[in-house]
Amino acid sequence: MKKTVLNPAFYQHYSVEEVAQALLGKVLVTHKEGIYTSGMIVETEAYSGRHDKACHANNGKRTPRTEIMYAEGGHIYTYLIYGMHILFNVVTNMEGLADAVLIRAIEPLEGLEHMQVRRKLSHQQVGKGPGALCKALGIGKPDYGLYLEEASGIWIEDRGIKVPEQEVVKAPRVGVDYAGDDALLLRRYYLKNNMHVSKVIKNYS
DNA sequence: TCGAAGATGAACT
DNA sequence: GTTCATCTTCGAG
């Protein structure tokens with residue numbers, strides 16, 4: 001099987017929306033404390049630092065938390081939401097432009113038994129949802145600011161999986177109602193008919 | 001220093 | 001479909 005770790009040029013593309021779509025079908029891998037787990041990315045959302053009220057770093061807003069989004073593409077942005085869930089983002093674009101892609105769901109490939117242990121065997125679909133996949137892959141706050149490469153224990157591979165345009169569904173992002181009109185932007189991308197997608201919305205199929 | 005809200009998920013009725 | 005767990009972050013005072 002052809003296997004290539006994604007290079008910086010992939011993440012530093014100027015269009016976060018194109019990177020978000022290109023990440024579908026890629027494989028997110030973690031190797032931590034001797035445990036190897038991986039899953040194919042089946043759902044993403046694009047967030048732009050400019051003209052996007054749903055983004056934490058909208059319109060040049062800079063806080064200690066969002067600082068990493070201004071770094072060059074390929075860095076990892078993790079943060080805690082609702083006091084209990086970690087969300088995993090991939091920073092894109094060049095230094096100074098705060099774009100990022102939220103990984104919302106994966107289809108488990110390797111290390112499923114480890115993921116189930118991390119998820120306490122409570123659910124079959126261990127990678128369904130942004131908080132759930134972080135728990136399954138062992139991603140946490142200590143990963144904030146790392147670069148996506150094998151040395152970090154977190155990276156993304158291209159295994160030659162091709163995702164046809166007609167298999168990609170575009171839909172509004174989830175949980176960003178506070179963003180007003182920007183909540184309506186079709187910046188959520190997921191694989192049509194994939195069981196591991198976190199939420200399926202009617203009228204978008 | 002303090003208060004409010006949040007890019008969610010699981011367990012309920 | 002509804003409720004609730006749970007705590008960092010950030011902006012206001």
Side-chain angles (χ1 to χ4, degrees), chain A residues 11 16-17 19-21 23-24 28 39 41-71 73 75-93 97-108 115-145 148 154 169-191 194-204:
Chain A
Y11 303 110
V16 65
E17 291 169 276
V19 176
Q21 289 177 76
L23 280 171
L24 293 175
L28 177 59
I41 297 168
V42 299
E43 181 179 359
T44 62
E45 286 180 2
Y47 288 83
S48 171
R50 298 167 307 292
H51 311 112
D52 181 358
K53 289 195 283 295
C55 180
H56 291 155
N58 178 42
N59 211 15
K61 187 163 111 175
R62 250 181 141 111
T63 66
R65 185 178 64 165
T66 61
E67 193 61 32
I68 196 63
M69 291 180 76
Y70 290 88
H75 287 269
I76 297 170
Y77 172 37
T78 59
Y79 72 97
L80 183 70
I81 187 66
Y82 299 131
M84 61 194 85
H85 300 297
I86 295 290
L87 271 65
F88 174 76
N89 297 252
V90 177
V91 175
T92 74
N93 217 324
L97 297 174
D99 293 347
V101 176
L102 168 67
I103 308 301
R104 284 194 58 87
I106 58 163
E107 178 176 324
M115 298 192 215
Q116 287 177 327
V117 169
R118 284 169 176 157
R119 298 278 284 122
K120 300 190 170 124
L121 298 169
S122 58
H123 205 287
Q124 287 280 312
Q125 291 166 321
V126 297
K128 189 172 176 173
L133 82 86
C134 286
K135 196 181 256 185
L137 292 173
I139 295 170
K141 287 194 67 172
D143 302 308
Y144 176 96
L148 286 166
I154 305 182
V169 181
K170 299 177 185 174
R173 292 171 294 188
V174 176
V176 295
D177 292 345
Y178 60 85
D181 291 345
D182 290 336
L184 303 175
L185 294 171
L186 301 181
R187 287 187 173 170
R188 177 178 180 226
Y189 312 97
Y190 59 90
L191 297 186
N194 187 289
M195 307 179 42
H196 301 274
V197 170
S198 62
K199 287 182 183 177
V200 177
I201 302 174
K202 275 189 191 170
N203 305 327
Y204 291 96

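Every chain is numbered from 1, with letters handed out A, B, ... down the list of sequences.
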Atom NE2 of His56(A) and atom C1' of dT8(B): how far apart are they, to the nearest Å?
12 Å

Decide side-chain contact (heavy atoms from CB on, under 4.5 Å) for His56(A) and Lys61(A); before the verdict, give the C-alpha distance in whole Å, the side-chain angles of both, and the deciding distance to 0.1 Å.
CA-CA 8 Å; His56(A) 291 155; Lys61(A) 187 163 111 175; 5.9 Å; no

Nearest whole angstrom, please: distance from the C1' of dG6(B) to the OH of Tyr47(A).
12 Å

Using atom CG of Leu80(A) as one end and atom P of dC10(C) as the other, report the distance to the nearest whole Å.
12 Å

If I take atom OG1 from residue Thr66(A) and atom CG from residue Asn58(A), how far apart are they, to the nearest 0.5 angstrom?
10.5 Å

Opposite nucleotide pairing with dT6(C), Watson-Crick or G-U, both atom distances under 3.5 Å
none

With heavy atoms under 4.0 Å as the rule, sort Lys135(A) into base, sugar-phosphate or nothing.
nothing

Within 45° of the six-membered ring axis of Tyr190(A) and under 6.0 Å from that ring's centre, is NZ or CZ of Arg104(A) located there?
no

Round to a whole Å and report the spacing from CD1 of Ile81(A) to C1' of dC4(C).
16 Å

Gap between atoms CZ and P, on Arg173(A) and dG6(B) respectively (whole Å)
15 Å

So Leu137(A) and Met115(A), side-chain contact (heavy atoms from CB on, under 4.5 Å) or not? Walk me through it.
CA-CA 6 Å; Leu137(A) 292 173; Met115(A) 298 192 215; 4.3 Å; yes

Here the distance between atom C1' of dT9(C) and atom CE of Met84(A), to the nearest Å, is 15 Å

Please list residues of residues 60-68 of chain A whose heavy atoms come under 4.0 Å from any atom in DNA chain C, ordered by number; otherwise none.
Lys61(A), Thr63(A), Pro64(A), Arg65(A)

Sugar-phosphate only, base, or nothing, as touched by Ala132(A) at under 4.0 Å among non-hydrogen atoms
sugar-phosphate

Counting just side-chain N and O atoms, does Tyr178(A) come under 4.0 Å of either OP1 or OP2 of dA7(B)?
yes

dT9(C) P sits how many Å from Tyr82(A) OH, rounded?
16 Å

CG of Leu23(A) to OH of Tyr11(A), rounded to nearest 0.5 Å, is 7.0 Å

Starting from the 5' end of DNA chain C, give me the residue, His85(A) or Lys141(A), whose nearest nucleotide shows up first.
His85(A)

Between dG9(B) and Arg119(A), is there an OP1 or OP2 to side-chain N/O distance shorter than 4.0 Å?
no

Among dT6(C), dT8(C), dA7(B), the one nearest Tyr77(A) by side-chain distance:
dA7(B)

Residue that, paired with Lys170(A), satisfies side-chain contact (heavy atoms from CB on, under 4.5 Å) out of Arg188(A), Arg187(A), Gln21(A):
Gln21(A)

How far does OG1 of Thr78(A) sit from CD1 of Ile154(A), to the nearest 0.5 angstrom?
8.0 Å

Could you tell me how far apart Lys128(A) (NZ) and dT8(B) (C1') are, to the nearest whole angstrom?
14 Å

